[in-house]
Every structure is written in structure tokens, then in C-alpha cells.
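Comments concern the structure below.
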Amino acid sequence: MKSKPHIKPDTDDEQQRLAVLIDADNAQPSVIEGLLAEVAKYGVASVKRIYGDFTSTRMTQWKQALLKHSIAPVQQFAYTSGKNATDSSMIIDAMDLLYTHRFDGFCLVSSDSDFTRLAQRLREEGLAVYGFGERKTPDAFVQACDKFIYNDVLRAEPTAATTETPKATAPRKRASKKAANAPAPEPVAPKGNTPPLSLLRQAIEEASDEEGWAPLGPVGSYLNKIRPDFDPRLYGHRKLSELFRSQPRHFNVQERPASGGGSGTRVFVRIAG
């Protein structure tokens with residue numbers, strides 16, 4: 001079977017067909033909107049399924065989110081105490097979908113290391129695997145994915161407008177049509193985490209020319225190969241270029257005209273010094 005390219009954000013007309021499988025026991029409904037927006041960067045979620053025991057009161061919030069986002073629930077009763085039948089059901093479904101040969105990749109939403117071998121098996125078939133989970137996710141599962149996104153960068157930060165209590169007598173202004181249709185800002189983690197400078201330097205060195213300049217695209221690809229969970233949003237920046245610009249003592253950033261006389265620009269980075 002011919003291998004398909006991994007980690008190709010959807011920029012072409014031909015979009016990747018993705019299967020989104022959610023472990024309800026190890027995921028929170030508060031991330032679902034950001035998660036589906038993240039999935040849309042890589043392709044179309046042709047299948048969206050969530051696995052769990054929806055007779056349990058713990059699933060009340062999930063049940064409210066399923067209809068809104070057109071996610072198909074797969075009921076899995078707990079056959080015995082202390083055993084997780086949900087994992088087995090999700091793995092069996094993933095293999096069934098794999099052998100239909102209709103998908104380019106899978107999105108596995110869980111923080112459970114039990115899905116490590118599943119991720120490895122899917123990649124062995126040449127499919128891209130995007131993992132989503134909490135910071136507690138074991139590194140074995142993280143490394144088994146092509147790309148791993150931590151859920152805390154998918155939760156929208158509360159704004160002043162949502163946290164401030166409005167006055168009862170204040171008239172409510174009608175939002176403009178432009179503001180109403182504007183997309184929600186992409187959530188990012190609060191600043192404060194220290195970027196992995198040695199890893200960033202290593203990525204530049206691997207992609208640099210004789211003068212030390214490296215195109216940003218290959219630098220980002222190398223970072224994802226070495227650390228599938230690398231994400232500039234973990235350090236308070238939406239883009240990788242913004243992360244490099246935030247460290248002027250360590251890195252130089254330069255924009256150059258696109259090759260071939262195009263109207264755009266390309267970003268290059270270099271280790272300062």
C-alpha cells in the first residue's frame with residue numbers, strides 16, 4: 001500500500017479525509033469546539049464518533065455537545081468494575097475504519113497510553129495520526145503520533161467582556177454584522193512557559209544553508225518530527241514565526257520575497273550571534 005504524506009495542513013483543493021475518534025472517559029467537552037477547529041486545519045472530519053457509557057451521569061455535558069457538533073455516540077457499557085471496555089470498542093472501530101481504505105488519517109482524542117499501539121499501527125499503514133490529550137498523556141502515546149496537540153491550547157481564554165458583570169440598566173448594543181460573523185480567535189496558552197531553545201537551535205541547524213539561514217517551513221517540519229507535541233501556542237504564540245521573533249537575543253528573523261516573482265514573502269530564521 002502506497003504511503004500517504006503526513007502532517008499536511010489543508011491548503012490544497014483535495015482535502016484529507018479524517019476519522020475523529022473520542023475517548024469520552026479521557027476527554028472534556030470544554031475542548032470540543034477548539035478541537036474540531038484544529039482538525040479542520042488538516043482535513044475534513046468525515047467520521048466523528050465518541051465512545052463511553054452515556055447512561056452515566058458523568059456524561060451529561062458530553063450529551064449536550066454531541067448534537068450541536070454532529071458527533072455520533074457509541075454506547076459502551078462497563079461490563080465489570082475496574083475494566084475499561086471503551087478503549088477496546090474504540091480500537092476495534094478504528095481498525096474497521098482503517099480497512100475500508102477511505103481515510104487519510106485519524107484523530108485520536110485521549111490521554112490514555114492504551115492507544116499507543118493503535119497509533120503505531122495506523123502509521124504503519126501510511127496514515128497520519130493526530131493525537132489530542134491532556135498534559136498528563138504518557139510520552140509513549142505522544143511519540144507514537146505524527147502530531148500531538150495538548151487540550152489546554154484548545155480551550156478559549158475568558159475575555160474581559162465575558163467575565164465582567166454587565167449593569168442591569170445599561171442598554172445592550174447591537175453587534176455589527178461584521179463582528180457577528182467574525183471567526184472566534186484561536187486560543188493560545190498564557191505566556192510564561194520557556195521555549196525549548198536548544199531544540200529550536202537544532203531545528204535551524206538541520207535546515208540552514210552555508211550562511212546559517214533556514215526557511216521556516218522545514219524548521220517547523222523538523223520540530224514536529226522530533227517532538228510531535230511541539231506547538232508554539234504552548235509558549236503564548238499562535239505562529240512559529242512569532243515565537244522566534246519573541247526571542248531576539250537568540251534568533252534572527254528575516255522576510256524575503258517569494259521565489260519566482262510571487263507577491264508573498266518567505267520567512268527565514270538564523271541563530272543569533
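- A salt bridge links Glu38 with Lys41: the distance from a Lys NZ or Arg NE/NH1/NH2 to an Asp or Glu carboxylate oxygen falls below 4.0 Å.
- Its side chain outside the 4.5 Å cluster rule for every partner, Ile92 clusters with none of the Ile, Leu, Val, Met, Phe, Trp and Tyr residues.
- In this structure, Gln75 contributes its side chain and Phe54 its backbone to a donor-acceptor pair below 3.5 Å.
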Audit row: Arg49, Asp93, side-chain contact (heavy atoms from CB on, under 4.5 Å) steps and yes/no
CA-CA 10 Å; Arg49 297 179 185 174; Asp93 253 16; 3.0 Å; yes
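- Side chains of Asp231 and Tyr150: a donor-acceptor N/O pair is absent below 3.5 angstrom, by distance only.
- Under the 4.5 Å side-chain criterion, counting only non-hydrogen atoms from C-beta, Tyr222 is not in contact with Ile204.
- Counting only heavy atoms from C-beta outward, the side chains of Phe244 and His250 never approach each other to under 4.5 Å.
- Remark: the backbone N or O of Arg266 is not paired with any side-chain donor or acceptor of Glu255 at under 3.5 angstrom.
- No donor-acceptor pair closer than 3.5 Å links the side chain of Ser56 to the backbone N or O of Asp53.
- A centroid separation of 6.0 Å or more is found between the aromatic rings of Phe106 and Tyr130.
- Counting heavy atoms of neighbouring residues, nucleotides and ligands inside a 6.0 Å radius, atom CZ of Arg201 exceeds 12 of them.
- For Glu124, the CD atom counts as densely surrounded, since its 6.0 Å shell holds more than 12 non-hydrogen atoms of other residues, nucleotides or ligands.
- The two atoms that bring Asp112 and Phe141 nearest to each other are O-CD2, 3.7 Å, heavy atoms only.
- Summarising the geometry of Pro215 relative to Ala207, their closest heavy-atom pair is CD-O, 3.7 Å, with the distance given to 0.1 Å.
- Screening Val31, Leu234, Leu154, Asp229 for a side-chain contact (heavy atoms from CB on, under 4.5 Å) with Ile149, the sole residue that qualifies is Leu154.
- Sequence neighbours left out, the pairs with a member in residues 61-71 that pass side chain to side chain donor-acceptor pair (under 3.5 Å) are Glu33-Lys68.
- Counting all heavy atoms, side chain and backbone alike, Lys225 lies closest to Pro228 at O-CD, 4.5 Å.
- A donor-acceptor pair under 3.5 Å is absent between the side-chain atoms of Glu206 and the main chain of Gln202, judged by distance alone.
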Under the side-chain hydrogen bond (donor to acceptor under 3.5 Å, both in side chains) rule, what do Thr86 and Asp25 come out as? Steps first, then yes or no, please.
CA-CA 8 Å; Thr86 299; Asp25 295 330; 3.1 Å; yes
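- Residues Gln15 and Arg17 bring no donor and acceptor atom of their side chains to less than 3.5 Å of each other.
- With respect to Asp139 and Arg227, a salt bridge is recorded, a charged nitrogen being found less than 4.0 Å from a carboxylate O.
- Remark: the Tyr51 side chain and the Asp87 side chain contain no N/O donor-acceptor pair separated by less than 3.5 Å.
- The closest donor-acceptor contact from the side chain of Ser111 to the backbone of Glu134 lies under 3.5 Å.
- Across Arg123 and Cys145, no two heavy atoms sit closer than the pair NH1-O, 3.4 Å.
- Side-chain contact, Tyr235 with Gln247: no donor N or O sits under 3.5 Å from an acceptor N or O.
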Go through Leu223 and Leu240 one step at a time and tell me if the side-chain contact (heavy atoms from CB on, under 4.5 Å) criterion holds.
CA-CA 10 Å; Leu223 289 169; Leu240 182 57; 4.1 Å; yes
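- The closest side-chain heavy-atom distance from Ile50 to Leu66 is below 4.5 Å.
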Determine, step by step, whether Val269 and Asn252 satisfy the side-chain contact (heavy atoms from CB on, under 4.5 Å) criterion, reporting the C-alpha distance in whole Å, the side-chain angles of both residues, the deciding distance to 0.1 Å, and the verdict.
CA-CA 6 Å; Val269 292; Asn252 301 136; over 6 Å; no
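- A cation-pi arrangement is absent between Arg245 and Phe251 under the rule of less than 6.0 angstrom and at most 45 degrees off the ring axis.
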Evaluate side-chain contact (heavy atoms from CB on, under 4.5 Å) for Ile22 paired with Phe132, printing each intermediate quantity in order.
CA-CA 9 Å; Ile22 304 172; Phe132 297 82; over 6 Å; no
May I have the step-by-step check of salt bridge (charged side-chain N to carboxylate O under 4.0 Å, His left out) for Glu125 and Arg121, ending in yes or no?
CA-CA 7 Å; Glu125 289 293 320; Arg121 184 67 184 89; 2.9 Å; yes
